[in-house]
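Data first, discussion second: the structure below is written as structure tokens.
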Amino acid sequence: MIRRGIFKHPKNDLEGEIRRDRTPGPSVPEELCVTCPTCRKMLFRDALAESSYVCPHCGWHFRISARRRIEITADEGTFRELNTKIVSRNILSFPGYDEKLEQARRSESGKDEVVCGTCRIGGFTSCVFAMEPSFMMGSMGTAVGEKITRLFEYAAEHRLPVVGFTVSGGARMQEGILSLMQMAKTSGAVRRHSEAGLLYVAVLTNPTTGGVTASFAMEADIILAEPGALIGFAGPRVIEQTIRQKLPPGFQRAEFLLEKGFVDQISNRKTQKRLLTRLLEFHAGGADE
Amino acid sequence: MNAYEKLLAARADGRPTAKNYIERLFQNFIELHGDRRYGDDSAVITGIGTLGRIPVTVIGIEKGHGTKEKVARNFGSAHPEGYRKALRQMKLAEKFRRPVICLVDTSGAYCGIGAEERGQGQAIAENLMELMGLRVPVVSILIGEGGSGGALALAVADEVWMLENAVYSVISPEGCASILWKNPKRVGDAAEYLKITAQDLLSMNVIDRIIPEGIGFTKTCAFLKIQLIRTLKRSRALTEEELVSQRYEKFRRIGSDFQ
């Protein structure tokens, strides 16, 4: 049988890029060696871990799991997880969703959809959340919405800042309108936390799109973005189909958002913890000290 | 009607649009333009008027009638400036303590180069956050299509009502069918599974009331007007704090039944 699409050229640079980073798997595999999806150099796994999963040759930021994200951000041994029992269910009895959930839970990252908790970052106590890219594209259903909401409520109650890492394909369509409502719910919780005079820093990672961009990702006091991260409301392919023209190179990348005024800084993962620490230190005590 | 038939009815040519409702529901309507940031989005109509004797702020997403107007209105798909235009009027409403009535009818926020450049996601997010804390009553009525975040940006309200044949969805059924099954022809299945009808949403407590349509447009508007006046009069009994905290709780409950 002939595999379909083998002769198809990528429709634009962006799509090409997306495909390229898909083939070798942008997550870090278990093997000893990894090929960088952009510069094609062979990298040792151990060395990669030391460089916070950033390619030492070209600076490509590998996609990493929520757990690993917390591991490289939190001070060792300080992370305490919250609300571990909140997991997605097929509330609308959407056909095929049960299977998708099961399949996602069998993957390397297990049942993580978003990991939430408290930790210290450079000695400063903070609430932290990290979305899991491998679980149904980091999509937001009611479980993700509920965990994020509870984290902001917890942070407001305990007068803690929130540091959040976003990665998401958008709202989870298998939970229909209830997913959409999570955008309103989380926004309400972010607002209450903000009104309590507390800091929220979001780090947007590749990719952050759809309902997450249009809610808590863009609602932070300070928004950082990892180099090259795709950030937008509509995905590039949807836009191309709508407007029937090629998108300019670099469109919707972190650097583009910086230029347009929608993020505060591009934050290289290698120096990210230091930057977060400085931000937390600057705002220690919230707005009232 | 099944979900797919309702979807078609909600999109049907000749279905009353926001402008038609504004003419019927409000007196002394004065249209106010622009977002004071970038431009004036003609997909969003904003202004002030009176409902009975209550001064209100009116925000409507307008699809337009006839090809020429539809093009001018961008088929009811707002750019970020449309959401910022709405937000400006919401803040004015708050300053002058008048309720906000939103009429929602959009297939979704526009996706295009300009919309992304000017922060479509940020504009919607800001509206969600601001509506969550707006210190005046807000009632949103879905009169036709409620397309995802672009609709929600005007539907974080104390009461969310839906016309009998309106639909409200996280993704267009066409989009859902092509992503899940790579087959846009299964739009009927997607419409059913996504639970997009007013009846479905009422049973999930996502909306608060269904407005009957079978009685004809004039009677629907008369009914709607009575209900709106009643609701606004009832909300006078609440303090600003109660109003905001009830709105928070209303959305806080949706999809929260975990241990």
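Each chain gets a letter, A, B and so on, in the order the sequences are listed, and its residues count up from 1.
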- Looking only at heavy atoms, what is the nearest atom pair of M218(A) and A125(B), with distance? CB-CB, 4.0 Å

- Note on the structure: Taken to the nearest 0.5 Å, the spacing of M129(B) CE from S215(A) OG works out to 11.0 Å

- Give, as side chain, backbone, both or neither, the part of R247(B) having an atom under 4.5 angstrom from any heavy atom of chain A. neither

- Item | Distance, nearest 0.5 Å, that separates SG of C176(B) from CE of M173(A) | 5.0 Å

- Over all atoms of both residues, closest heavy-atom pair of L92(A) and Y193(B): CD1-O, 4.2 Å

- Message: Working note: N83(A) + F258(B), criterion side chain to side chain contact (heavy atoms under 4.5 Å, CB included); need CA distance, chi angles, decisive distance, verdict.
- Response: CA-CA 10 Å; N83(A) 294 308; F258(B) 298 93; over 6 Å; no

- Message: Shorter than 4.5 Å, heavy atoms on both sides: which option in D200(B), L180(B), L131(B) has the most such pairs with chain A?
- Response: L180(B)

- Query: Are Q241(A) and S178(B) close enough, and set up right, to give a side chain to side chain contact (heavy atoms under 4.5 Å, CB included), and what steps lead you there?
  - Reply: CA-CA 13 Å; Q241(A) 278 163 15; S178(B) 59; over 6 Å; no

- Item | CG on L128(B) to CZ on R191(A), rounded to 0.5 Å | 11.5 Å

- Item | Closest heavy-atom pair and its distance - K185(A), F251(B) | CD-O, 3.4 Å

- All heavy atoms of I239(A) vs all of I113(B), minimum pair found to be CG2-N, 4.3 Å

- Item | chain A contact via I254(B) - side chain, backbone, both or neither, heavy atoms under 4.5 Å | both

- Item | side chain to side chain contact (heavy atoms under 4.5 Å, CB included) between L201(B) and I177(A), worked out | CA-CA 8 Å; L201(B) 300 193; I177(A) 198 81; 3.4 Å; yes

- First locate atom CD of E130(B), then atom OG of S187(A), and finally report the distance between them rounded to the nearest 0.5 Å. 11.0 Å

- Message: What part of E175(A) gets within 4.5 angstrom of chain B, counting heavy atoms only: side chain, backbone, both, or neither?
- Response: neither

- Would the number of heavy atoms belonging to other residues, nucleotides or ligands and lying under 6.0 Å from CZ of R11(B) be above 12? yes

- Task: To the nearest 0.5 angstrom, please state how far the CG atom of L180(A) sits from the CG atom of L194(B).
- Result: 11.0 Å

- Query: Any donor-acceptor pair under 3.5 Å linking the side chain of E195(A) with the backbone of G133(B)?
  - Reply: no

- Inter-residue atom distance I179(B).CD1 - M137(A).CE, 0.5 Å rounding: 8.5 Å

- Query: Which atoms of V212(A) come close to chain B, meaning under 4.5 Å heavy atom to heavy atom: side chain ones, backbone ones, both, or neither?
  - Reply: neither

- R89(A) and D257(B): side chain to side chain contact (heavy atoms under 4.5 Å, CB included), yes or no, with the steps? CA-CA 11 Å; R89(A) 291 166 296 148; D257(B) 46 341; 3.6 Å; yes

- Of all the heavy-atom pairs spanning A184(A) and V156(B), show the shortest one and how long it is. CB-CG2, 3.9 Å

- Query: Contact part of S169(B) toward chain A, heavy-atom cut-off under 4.5 Å: side chain, backbone, both or neither?
  - Reply: backbone

- Does a side-chain heavy-atom distance below 4.5 Å link S245(B) with R192(A)? yes

- Query: Can you say whether E259(A) sits under 4.5 Å from chain B via the side chain, the backbone, both, or neither, judging by heavy atoms?
  - Reply: neither

- Fit a plane to each ring of F94(A) and W181(B), take the angle between them on a 0 to 90° scale, and name the class: parallel (under 30°), tilted (30 to 60°) or perpendicular (over 60°). parallel

- Message: Less than 4.5 Å to any heavy atom of chain B: does that hold for the side chain of F256(A), its backbone, both, or neither?
- Response: side chain

- Determine whether more than 12 heavy atoms belonging to other residues, nucleotides or ligands lie under 6.0 Å from atom CZ of R135(B). yes

- If you count heavy-atom pairs under 4.5 Å between each of A217(A), G210(A), G188(A) and chain B, which one has the most? G188(A)

- Note on the structure: With chain B, the option among G261(A), S179(A), A214(A) that has the most non-hydrogen atom pairs under 4.5 Å is A214(A)

- Item | Heavy-atom closest pair, residues R150(A) and R252(B) | CG-NH2, 3.6 Å

- Task: Sort out for me which of A171(A), G141(A), A143(A) touches chain B most, counting heavy-atom pairs under 4.5 Å.
- Result: A143(A)

- Would you find a donor on one side and an acceptor on the other, under 3.5 Å apart, between the side chain of E116(B) and the backbone of A234(A)? yes

